[in-house]
There are 2 protein chains.
Amino acid sequence: MFRIGEFSRLARVSCRLLRYYDQLGLFSPGTVDDETGYRYYHASQLARLNRILVLKELGLSLEQIGEVIDERDLSADKLRAMLLERRSEAEQRVAEEIARLRRIESRIDEIDGGGEIGADDVVIRSEPGFAFLCTRRTVSSFDEARAVVGALVKAAPQKLSPRDLGRFVVIVHSPEFEPDAIDAELGYSLVRPDALADVELALPDGGRARVRQVEPVESMATCVRVGLPEDAHAGALAIARRLAADGYTLCGPNREVFLRGPDPRAPEQAVVEMQYPVRPRT
Amino acid sequence: MFRIGEFSRLARVSCRLLRYYDQLGLFSPGTVDDETGYRYYHASQLARLNRILVLKELGLSLEQIGEVIDERDLSADKLRAMLLERRSEAEQRVAEEIARLRRIESRIDEIDGGGEIGADDVVIRSEPGFAFLCTRRTVSSFDEARAVVGALVKAAPQKLSPRDLGRFVVIVHSPEFEPDAIDAELGYSLVRPDALADVELALPDGGRARVRQVEPVESMATCVRVGLPEDAHAGALAIARRLAADGYTLCGPNREVFLRGPDPRAPEQAVVEMQYPVRPRT
DNA sequence: GTGAGGCTTGACGCTACGTCAAGGTCAAGT
DNA sequence: ACTTGACCTTGACGTAGCGTCAAGCCTCAC
């Protein structure tokens with residue numbers, strides 16, 4: 001029989017671990033002295049402890065180990081199921097770490113390249129769908145776009161109250177940025193979409209605004225810009241480079257979501273979230 | 001200005017996270033109402049939050065993020081250093097997860113193959129060096145080995161006390177297992193090696209036992225067996241298969257460390273740790 | 001008997017939040 | 001003005017697997 005210190009040296013684990021496993025009921029000493037509380041371990045117990053350590057190395061939780069280690073026959077199926085689960089987790093972790101590694105390396109390269117990148121805040125996330133009260137136009141300037149929006153806002157209260165309007169959103173369909181002919185949907189996301197599914201507005205210039213359902217996007221690169229909407233495109237190139245370096249390609253019409261403004265009195269303080277649908281490059 | 005709920009929806013993070021970051025001083029609302037404690041965030045703050053989320057995605061800790069995000073110029077070098085560190089961590093994690101994945105898959109295959117493997121407790125770890133009072137022989141049986149050991153134990157007390165002796169250890173140099181001609185070192189590990197470096201014993205059969213320093217082994221596959229020492233080899237084949245499946249090859253003389261016994265009165269309860277030096281197969 | 005080292009339980013710490021719980025605020029509707 | 005339901009506040013506990021004290025017994029070789 002060994003006291004805890006020597007047994008811990010045999011097994012190359014800490015005393016704390018042995019006490020902890022004892023506390024969990026996962027691995028208890030063969031004998032405990034009732035008076036002193038001293039734990040005494042038998043050499044043959046090392047086999048069980050090693051089994052526990054092996055299962056832990058495979059990635060099972062102590063709780064899972066407790067479930068499989070005592071059942072002598074049933075454990076094969078149960079263990080197999082756990083291992084299958086662990087395998088997919090491990091595969092996912094490998095993929096994640098590799099992707100992370102790529103991003104880390106591209107950031108290091110950027111810093112070494114010395115270039116101000118100005119795209120520190122490009123976050124990639126999924127984006128839910130939403131109801132979109134919008135009108136599609138080919139506009140030649142921001143002033144024209146603003147006029148359209150103004151008309152839309154004025155026409156809206158006929159059928160819906162202002163609090164139903166969410167954010168001002170532009171979805172840009174022009175594949176390339178051509179300042180004098182931008183094909184875009186302009187409008188507002190809607191807060192209570194189900195109640196407003198069939199709203200349709202006539203605009204003073206003869207156009208129409210209707211509600212359409214915008215599909216969710218699985219991965220959307222987003223980036224926040226503060227300043228004149230006209231300048232918001234300035235960082236687009238840097239963002240595209242960043243996305244390319246991190247292993248993504250653009251795969252759809254980009255959007256601009258106005259978190260603040262555009263307020264006619266302080267247009268330079270508008271806050272716009274640029275959104276670029278992406279997918280991992282194969 | 002947004003209240004915390006709407007801001008959390010904008011940023012796709014939880015309210016709890018925003019409050020937590022506020023508490024850490026990492027990301028605080030633009031305004032806090034003194035009376036109610038309500039947090040109010042400005043749209044433009046989303047840029048900073050996104051920067052934090054990006055750095056977190058790269059694997060930096062919140063503390064590290066706090067260090068780099070506020071310094072405007074110095075941050076490049078500091079960030080670079082952190083990223084280099086993170087890169088090597090990530091590389092290591094990838095390697096570990098891949099190795100783990102391989103072990104998981106080999107276990108699944110074993111279970112599916114249905115074979116009782118009997119090598120549930122093969123642990124791979126590093127093994128420190130130790131001082132070894134031993135004599136090298138070619139023995140033809142376990143009885144002969146026992147005789148040698150007995151002689152050694154009797155000769156020992158001349159120069160050292162029994163408490164200096166550690167465990168009985170056999171290092172087997174025969175590359176293949178040939179029962180009638182085993183080239184082995186037999187002896188005891190020593191507990192206070194520095195005081196005993198030059199001990200040399202004459203054995204009654206004319207042989208000598210001396211102290212040598214056994215080198216540490218970086219990775220040692222170990223497995224505990226309970227039973228007659230003669231039977232301890234039974235699992236060796238299973239262990240070798242397991243090691244091969246997990247991506248290791250044997251790379252040195254194996255050892256047997258007697259954790260209990262061999263006690264002449266109860267030899268079948270001996271506890272032996274089989275040790276096989278291994279190295280990752282390239 | 002005595003000093004050193006070993007053992008006990010208990011408690012806190014770690015990461016980055018998730019999840020209640022008890023109670024104060026806000027804004028729309030009546 | 002009042003209600004009601006959604007929203008906000010702080011505070012506390014839980015997570016996984018132990019590491020690291022801290023205060024106080026136990027053991028044992030000299």
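Sequence lines set the chain letters: A, B, ... in the order given, protein chains first and strands last, and positions in each chain run from 1.
- Taking every heavy atom of both residues into account, B:Ser189 and B:Phe130 meet most closely at CB-CD1, 3.5 Å.
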Applying side chain to side chain contact (heavy atoms under 4.5 Å, CB included), run through A:Gln275 and A:Glu127 and close with a yes or a no. CA-CA 10 Å; A:Gln275 297 186 341; A:Glu127 185 74 15; 3.5 Å; yes
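- We find that A:Arg103 and B:Glu57 are joined by a salt bridge, their nearest charged nitrogen and carboxylate oxygen being less than 4.0 Å apart.
- Within residues 82-97 of chain B, no residue is approached by DNA chain C to less than 4.0 Å at the level of any non-hydrogen atom.
- A distance of 7.5 Å separates CG of B:Leu49 from OH of B:Tyr21, quoted to the nearest 0.5 Å.
- Closest approach of A:Ile52 to A:Ile65, counting heavy atoms only: O-CD1, 3.7 Å.
- Using a cutoff of 4.0 Å between basic side-chain nitrogens and carboxylate oxygens, A:Glu105 and A:Arg102 are not scored as salt-bridged.
- Rounded to an integer number of Å, the gap from A:Leu18 CG to C:dC7 C1' is 13 Å.
- Closest contact between the side chain of A:Leu62 and the listed nucleotides D:dT9, C:dG6, D:dG17 involves D:dG17.
- For the atom pair CG of B:Asn50 and OG1 of A:Thr222, the computed distance is 5.0 Å after rounding to the nearest 0.5 Å.
- At a threshold of 4.0 Å, the pair B:Arg93-B:Glu96 does not count as salt-bridged, since none of the basic side-chain nitrogens sits closer than that to a carboxylate oxygen.
- B:Arg19 places its CZ atom 13 Å from the C1' atom of C:dA21, with the value rounded to the nearest Å.
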Tabulate atom names and distances for all N/O pairs under 3.5 angstrom spanning the protein and nucleotides 19-21 of chain D.
from, atom 1, to, atom 2, distance (Å)
D:dG19, OP2, A:Ser14, OG, 2.7
D:dG19, N7, A:Arg16, NE, 3.3
D:dG19, O6, A:Arg16, NH2, 3.0
D:dT20, O4, A:Arg16, NE, 3.0

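- Rounded to whole angstrom, the span from the CE atom of B:Met1 across to the P atom of C:dC26 amounts to 15 Å.
- Checked by atom type and distance alone, the side chain of A:Gln45 pairs as donor or acceptor with a backbone atom of A:His42 at under 3.5 Å.
- Residues from residues 21-49 of chain A with heavy atoms under 4.0 angstrom of DNA chain D, sorted by number: A:Tyr21, A:Thr36, A:Tyr38.
- Note that CZ of B:Phe2 is 10.5 Å distant from CZ of B:Arg9, once rounded to the nearest 0.5 Å.
- Protein atom CD of A:Glu6 is 15 Å distant from nucleotide atom C1' of D:dC28, rounded to whole Å.
- Atom pair B:Leu55:CG and C:dA16:P shows a separation of 13 Å (rounding to whole Å applied).
- Between B:Tyr20 atom OH and C:dG18 atom C1' the separation is 12 Å, expressed in whole Å.
- Using a 4.0 Å heavy-atom distance criterion, A:Arg3 is classed as a sugar-phosphate-only contact.
- Minimum heavy-atom separation, B:Arg167 to B:Leu259: CD-CD2, 3.8 Å.
- Residue B:Lys56 places none of its side-chain N or O atoms closer than 4.0 Å to OP1 or OP2 of C:dT15.
- Regarding A:Phe2, its CZ atom lies at a distance of 16 Å from the P atom of C:dG6, rounded to whole Å.
- Atom pair A:Ile4:CD1 and C:dT8:C1' shows a separation of 10 Å (rounding to whole Å applied).
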